[in-house]
Every structure is written in C-alpha cells, then in structure tokens.
*Asks:* 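First the structure, then my questions, so here it is.
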Number of protein chains: 2
Amino acid sequence: MKSNHVTLKDIARILELSPSTVSRALKDHPDINEETKKLVKTFAEKVNYRPNALALSLRQQKTNTIGLIIPEIVHHFFSSVISGIEDIAYGEGYNVMICQSNENYQREVIDTQALIDHRVDGILVSVSKTTRDFKHLQNAYDNGIPMVFFDRIVEEIKTDRVITDDFLGAKIATSHLIEKGCKNILHLAAPQHLVIGSRRKEGYLKALEEHGIETDEELIVKCDTREYVFSLQQHLMKLIEEKHIDGIFAVNDSTAIATMQALQAEGIKIPEQIKVIGFGDGPNADIAYPPLSTVEQKGYETGREAMRLLLQRLENPGIEINFSTKVLTPTLKQRNST
Amino acid sequence: MKSNHVTLKDIARILELSPSTVSRALKDHPDINEETKKLVKTFAEKVNYRPNALALSLRQQKTNTIGLIIPEIVHHFFSSVISGIEDIAYGEGYNVMICQSNENYQREVIDTQALIDHRVDGILVSVSKTTRDFKHLQNAYDNGIPMVFFDRIVEEIKTDRVITDDFLGAKIATSHLIEKGCKNILHLAAPQHLVIGSRRKEGYLKALEEHGIETDEELIVKCDTREYVFSLQQHLMKLIEEKHIDGIFAVNDSTAIATMQALQAEGIKIPEQIKVIGFGDGPNADIAYPPLSTVEQKGYETGREAMRLLLQRLENPGIEINFSTKVLTPTLKQRNST
DNA sequence: AAATTTCCTGCAAACGTTTTCGATAAATTA
DNA sequence: TAATTTATCGAAAACGTTTGCAGGAAATTT
C-alpha cells in the first residue's frame with residue numbers, strides 16, 4: 001500500500017532535466033524548446049502526473065479553496081445554498097471546504113480556526129443559533145480573509161451579506177392569511193436575538209397594522225421547532241380556543257407542519273377552521289397534508305450570490321470596494337393549507 | 001486587506017532564535033531549556049500563532065484530511081451519513097473534505113481527482129447512479145489511498161464496505177404487507193444495475209415466495225423518484241385496477257409518499273384500500289399523510305462505521321488487514337400507512 | 001588537568017512547486 | 001572577426017514546517 005504519487009522532481013530525474021525545465025515545459029513557457037516540451041508532456045501524460053495541490057498552495061500563497069460554515073446540512077435550505085455556492089465556485093476553479101457547526105458555538109469556533117489553518121482564500125458563513133460571541137469570526141476577518149455572511153448574518157462585522165427579506169416575507173404571509181379572512185392570527189416565532197426571529201415578527205406585526213388589526217402580544221409564542229410544537233401542544237390548544245384563532249403564521253415550515261398535525265389530532269380541519277402558512281418552502285411543504293402554503297426562500301440563489309460577492313473580493317485583492325448587502329425577496333407559494 | 005498570518009519564522013526572528021528551536025519549544029521537546037520554552041510559548045500565545053496546515057501536510061506527507069464523495073447532500077440519509085463520519089473523524093483529528101457528485105459521473109471523476117490532488121489520507125465514497133466506469137476510483141486505489149465504500153458500493157473494487165442489508169429490509173417490508181393481509185403487492189423498483197435496486201427486488205421476491213404467493217413480473221415497475229410516479233400515474237392506476245393491487249412496496253420513501261398522493265388524488269383510501277410501505281425513513285415519513293410505514297435505514301451509523309473502517313487502515317499503515325464488509329440491518333418502523 | 005558527559009541550540013535538508021536570475025552555446029549582426 | 005543577440009536550460013531561493021546531525025559551553029567524571 002505504498003503511495004505512488006509521481007512528482008515533478010521524479011520526472012526531471014528520469015528525463016535528465018531540471019525541475020525548472022519540467023515545470024516550464026508543462027505550462028508552455030516560451031523559453032522551452034518545442035521538442036523538450038513534447039517529450040515532457042507526453043511523459044507526464046503517460047505517468048499520469050498531477051501537481052501536488054499542497055505544494056502549489058504553499059508556494060503561491062493561495063489555496064483556491066473557500067471555506068463554508070453552515071449550521072446544519074440536513075435542512076433543505078442550507079443544502080440548496082451549498083449547491084449554489086459549488087456551482088459558481090467550481091466554475092471559477094475553487095474548491096469548497098464545508099464545515100457543519102451543528103448549531104453549536106464551540107464547533108463553529110473550531111471550524112473557523114480549521115479554515116484559517118488551512119489558509120482558505122475566503123469564508124462564507126451562516127452563524128449558528130447558539131453563537132453570541134463573534135471573536136472567532138472577527139479574528140478571521142482581522143487575518144485578512146475576505147468573508148461573506150448569508151442568511152444568518154452578524155451585524156457587528158461589516159462585510160458583504162446576502163439575506164432574504166424576512167420582514168417582507170412575513171408581511172406577505174400574514175397579509176395572505178388576512179385576505180383569506182383570518183382575524184385572529186397566531187405567530188409561532190423564533191428567538192428574538194436572531195435577526196430572522198425579530199424581522200419576521202416585525203413583518204407579521206406590520207401586516208396586522210396595515211390591515212387595521214389590533215395586535216395582541218399573547219398571540220406571539222416562541223416556538224420554532226417540530227419538537228417545540230408538541231411540547232407546547234396543550235398550551236397552544238388552550239390559546240387557540242380562548243383567542244378564537246383562525247390563522248397561524250409559523251416562522252418555518254417544519255413548525256407549521258407539526259402544528260397542522262397537532263391541530264388535526266384534535267380534530268381541527270385545515271384550512272376550513274384554521275389556516276396555516278409557513279416560511280421557507282423546502283420539499284416538505286409539498287409532502288405535508290394538506291400541502292402547505294408558504295413563502296419561498298431562495299436557497300440556491302442565496303448560495304450563488306454569496307459566492308459571487310466573495311469572488312469579487314478575491315479577484316480584486318487590495319482594491320477597496322464598498323460592502324454590499326444583497327437582499328433576495330421571497331415569494332408567496334399558495335397551496336392547500338390556506 | 002493584507003494577510004496577517006504569523007509564521008514560525010517570524011517568531012524565530014523576533015525572539016532571535018532559530019526556527020528549529022521555536023518549533024521544538026512549542027512541542028515540549030526535552031532538548032529545550034525550560035525558560036526558552038516559556039518565552040516562546042507565551043509569545044506564540046500572544047500573537048495567536050497557528051501552524052500552517054499546508055506546510056505541515058507537505059512536510060509530513062499526511063494531510064489529516066479524508067475525502068468524501070457523496071451523491072446528493074439534500075437527501076436525509078446522506079446528510080446523516082455525513083454527521084456520522086464527521087463525529088468520528090473530528091474526534092480523531094481528521095478533517096473531512098466533502099464533494100457532492102450530484103449523481104453526475106463527470107463530476108464524480110473531477111471530485112476524485114481533486115481529492116487525490118489534495119493528497120487526502122483516505123476516501124469514503126458512495127457512487128453516483130450514473131457511474132458505470134470505475135477507472136477514476138481504481139486510480140485512486142492504485143495510488144495507495146485507502147478507500148471505503150458505503151451504501152452504493154462498487155463490487156469490482158475489493159476494499160472495505162458498509163452497506164445496509166437491502167435484501168433483508170425489503171423482505172421485512174414485504175412480509176409486513178403480507179401479514180397485514182395484502183395479496184397482490186406492487187413493487188416500485190430502482191434500476192437493476194444498482195446493487196440497491198436488485199437486492200431490494202430480491203428481498204421482495206423472497207418474501208412472496210416464503211408466503212407462498214405467486215410472483216408476477218408485471219407487478220415490478222421501474223419507478224424510483226417522485227417525478228417518475230407522477231409521469232407513470234395513469235399506467236400505475238390501470239395496473240392497480242387490473243391486478244387488484246392492495247399493497248405497494250416502494251424502493252424509497254419519497255417514491256412511496258408520491259404514490260400515496262397519487263392514489264389519494266384518485267380517491268383511494270390509505271391504508272384501508274391499499275397499504276403502502278417505503279424504505280429509508282427520512283423525516284419525510286413522519287410528515288407524510290398518513291405517516292408512512294417504512295424500514296429504517298441507519299445513515300448516522302453507516303457514516304460512523306465507514307469512518308471507523310477507514311481509520312483502521314490509516315492507523316495501521318502497511319499492515320495488511322483483510323477487507324471487511326459491515327452490514328447494517330434495517331428495522332421496521334410501522335406508522336399509519338399499513 | 002584532561003576527558004567525558006550533559007545541556008542547549010543552530011544548520012541544513014527535505015516535502016513539491018514556481019520563478020528570478022544567470023549561464024552557455026548558437027546564431028546573428030556589425 | 002568581434003560583438004551582440006537569441007534560444008534553451010539550470011541553480012537557487014522561497015513558501016512554512018520538522019528533524020537528524022553537529023557543535024559549543026558548562027558540568028561532571030577520571
């Protein structure tokens with residue numbers, strides 16, 4: 001099980017040339033004789049020579065690799081983002097080093113350090129839910145590594161960003177419920193320290209305001225996972241009865257779907273008695289019963305835009321371009337739950 | 001935006017020591033004076049020194065990185081595999097370089113080459129559906145890079161493997177339908193050139209045989225995606241009517257769920273009129289209506305086992321250990337669709 | 001006092017590339 | 001013929017580490 005990698009030096013030795021000549025021959029340097037070039041090239045081809053990426057990176061002080069820190073790959077939104085990033089990156093000759101933080105702050109710190117250690121040319125990051133301290137990212141930034149935040153941004157660090165217009169999306173979703181006749185709308189919200197959490201809540205409130213509906217703080221419940229729904233089930237049912245809830249806007253699809261299941265278990269008809277809308281449109285929305293109305297969040301586009309912004313920095317090193325924030329607007333996708 | 005990475009040489013220059021001394025001091029080499037150690041260590045700490053992973057890898061001819069080639073991250077099974085791999089790998093100080101082939105042969109070839117170029121210490125791979133030629137993997141193997149196949153193995157290359165007992169799983173699923181009273185069971189199958197496709201079909205046939213049910217080749221339809229179901233919808237409905245189908249075993253969950261939706265659109269009651277069972281148990285099975293019975297495929301465990309087998313090779317270089325095949329047995333998860 | 005050992009540190013090579021600067025011989029020009 | 005240009009190649013440094021070896025000073029043993 002010996003390692004068989006043939007190096008440039010090997011070729012030089014065998015062909016009785018110097019490494020410099022072999023190197024130049026392989027990349028068509030004009031100084032090299034045509035015959036020598038042919039000789040070297042065919043030989044390299046024959047032995048399946050491939051330059052050592054490590055040596056190359058070390059020498060050129062450029063790895064052609066970008067780092068990605070992402071909360072959880074299992075979520076459809078994030079895996080779509082990955083595809084978007086890869087499609088752009090590969091096209092430009094970059095590799096992507098993916099790190100999964102698992103919504104864990106400690107892991108995120110380690111991952112960031114690993115990316116720095118590997119001297120990635122740039123970093124794309126969506127911070128974990130549990131991250132409150134940003135020194136690790138600030139450190140990468142101070143090291144001169146270009147960064148782009150997407151979806152879960154950190155406002156303290158000034159750099160390029162790609163976000164979806166959560167405020168608008170939430171407003172669209174809530175307005176849709178109102179237009180469908182809902183009067184008492186429950187909002188299942190994410191933690192307010194997350195930008196996503198607060199923005200979506202604000203959009204919800206704005207829609208109510210624009211339609212002249214009085215807001216009720218009790219109708220905003222912190223609940224953003226499937227498990228959370230079932231553990232709050234009794235509380236929610238009580239609330240629904242007392243407040244005559246006829247519409248629910250959940251901060252994400254899986255919460256919305258779990259909510260539908262909880263309601264149906266209690267014999268409530270959807271959408272006849274209560275209408276439900278989610279946020280994010282993964283493929284789950286199609287599979288749910290009834291198929292879930294939602295606002296579509298563009299994962300693939302998010303990835304592409306983030307990578308494009310990063311590329312712009314990488315291709316123009318030293319040049320100071322103003323940081324830009326790309327905002328993607330989600331669109332209503334009506335199905336049968338409203 | 002200058003790159004600020006401080007190197008070992010920098011420290012040596014500033015402290016007026018040689019790089020060798022600094023290097024040894026940092027790793028507690030007994031040859032170095034305690035005071036010098038302290039001096040170096042505190043200074044390194046202060047300037048946040050981190051060794052350059054590239055230089056390290058080049059020098060030691062070991063990257064502490066393993067490569068992963070995976071068909072599609074969006075599938076729950078595969079993203080679970082990733083988590084399993086990472087958990088073991090990180091614990092042992094390895095990084096994981098993830099490549100997504102997107103079920104595309106060309107991409108798989110490029111990815112394999114990229115991993116070789118980066119001199120990964122080992123490769124974990126589940127081949128794409130469209131791969132019929134294995135030269136790229138054989139090449140990596142010949143280069144002396146340890147490999148482990150999981151889930152979608154290639155039989156031509158002799159190495160360690162982790163698979164789920166597809167035969168048994170399919171037998172369990174089909175038997176379950178029979179025990180629930182089904183007599184005429186339709187099988188929606190994957191392409192037979194995939195091990196998964198043929199094994200599951202064989203398990204289906206075996207269950208029928210064991211229960212003394214006559215097999216009918218017409219009841220085996222090649223159909224393994226959601227889209228495929230809808231395009232075959234008319235053909236399937238005709239078949240179901242003619243053959244008095246009362247049970248369906250689909251080769252994976254998303255096909256099963258799409259089938260349920262197609263049936264329900266035609267007014268067929270599940271499980272009363274037709275019972276449906278899938279294979280693979282992603283979270284979709286819980287969300288579907290009705291919740292889908294399925295055989296649970298252990299993604300996380302698959303990842304852990306694959307990484308363990310690889311580690312065994314990496315930690316015992318040169319030592320010839322017989323290749324082993326780890327078989328994970330899926331278990332029945334009954335819900336409401338049967 | 002001489003010889004040996006111990007303690008600490010530095011030199012230099014190596015990992016696999018690229019690239020600057022010469023160097024040599026052949027070909028051209030004056 | 002002498003001077004200059006051109007064509008072709010190699011030596012060596014550099015990227016950031018590690019490590020075998022050598023070496024000097026101090027401490028110990030003969």
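Letters A, B, ... mirror the listed sequences (proteins, then strands); counts begin at 1.
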*Asks:* At a heavy-atom distance below 4.0 Å, what parts of residues 10-23 of chain B sit against DNA chain D?
*Replies:* B/Ser20, B/Ser23

*Asks:* For a quick check of understanding: with a heavy-atom distance under 4.0 Å over all strands, which category does A/Arg119 fall into, base, sugar-phosphate or nothing?
*Replies:* nothing

*Asks:* Over 60° means perpendicular and under 30° means parallel, so tell me whether A/Tyr105 and A/His136 are parallel, tilted or perpendicular.
*Replies:* perpendicular

*Asks:* Please state how far atom CG in A/Leu54 lies from atom C1' in D/dC15, giving the value in whole angstrom units.
*Replies:* 12 Å

*Asks:* Just to confirm, is there a sub-4.0 Å distance from OP1 or OP2 of C/dC15 to any side-chain nitrogen or oxygen of A/Lys9?
*Replies:* yes

*Asks:* Hydrogens and angles aside, do B/Thr63 and B/Asp121 bring a side-chain donor and acceptor to less than 3.5 Å of each other?
*Replies:* yes

*Asks:* Just compare C/dG16, C/dT9, D/dT17 and give me whichever is closest to any side-chain atom of B/Ala55.
*Replies:* D/dT17

*Asks:* Figure out the CD/C1' separation between A/Glu34 and D/dA7, and round it to whole Å.
*Replies:* 12 Å

*Asks:* Roughly how many Å is it from NE2 in B/His118 to P in C/dT17, rounded to a whole number?
*Replies:* 13 Å

*Asks:* Please determine, for the side chain of A/Leu8, which listed nucleotide (D/dC15, C/dT17, C/dT19) has the closest atom?
*Replies:* C/dT17

*Asks:* Do you see a donor-acceptor pair shorter than 3.5 Å between the side chains of A/Thr131 and A/Ser128?
*Replies:* yes

*Asks:* Roughly, in whole Å, what's the span from CG in A/Leu56 to C1' in C/dC15?
*Replies:* 13 Å

*Asks:* Can you list every side chain to side chain donor-acceptor pair (under 3.5 Å) pair that touches residues 151-162 of chain A, not counting sequence neighbours?
*Replies:* A/Glu103-A/Arg152, A/Asp151-A/Gln297, A/Asp160-A/Arg313

*Asks:* How long is the line joining NZ of B/Lys27 and P of D/dT19, in whole Å?
*Replies:* 6 Å

*Asks:* Can you see if the side chain of B/Gln61 gets near the phosphate of C/dA14 - specifically, an N or O under 4.0 Å from OP1 or OP2?
*Replies:* no

*Asks:* Pairing donors with acceptors under 3.5 angstrom, does anything connect the side chains of B/Tyr300 and B/Asp87?
*Replies:* yes

*Asks:* Side-chain donor-acceptor pairs under 3.5 Å in residues 69-79 of chain A, sequence neighbours left out?
*Replies:*
unit_1: A/Ser79; atom_1: OG; unit_2: A/His75; atom_2: O; d: 3.2
unit_1: A/Ser79; atom_1: OG; unit_2: A/His76; atom_2: O; d: 3.2

*Asks:* Under the 3.5 Å rule, do the base of C/dC8 and the side chain of B/Asn33 count as making a donor-acceptor pair?
*Replies:* no

*Asks:* Does a side-chain N or O of A/Tyr49 approach OP1 or OP2 of C/dG16 to a distance below 4.0 Å, or not?
*Replies:* no

*Asks:* If you measure only the distance, is there a donor-acceptor pair under 3.5 Å linking the side chains of B/Ser83 and B/Ser80?
*Replies:* no

*Asks:* Taking atom types as they are modelled, would you say the side chain of B/Arg24 forms a donor-acceptor pair with the base of C/dG10 within the 3.5 Å cutoff?
*Replies:* yes

*Asks:* Using OP1 and OP2 only, check whether a side-chain N or O of A/Thr36 sits under 4.0 Å from D/dT8.
*Replies:* no

*Asks:* What is the distance from CG of B/Asn64 to C1' of D/dT17, rounded to the nearest Å?
*Replies:* 14 Å

*Asks:* I'd like to know if the side chain of A/Gln138 pairs up with that of A/Asp142 as donor and acceptor (distance under 3.5 Å, no hydrogens or angles considered).
*Replies:* yes

*Asks:* How is B/Asn52 classified with respect to the nucleic acid when contacts are heavy atoms under 4.0 Å: base, sugar-phosphate, or nothing?
*Replies:* sugar-phosphate

*Asks:* Using whole Å, report how far CG of B/Leu58 lies from C1' of C/dT17.
*Replies:* 9 Å

*Asks:* What's the CG-P distance between B/Leu26 and C/dT9, to the nearest Å?
*Replies:* 13 Å

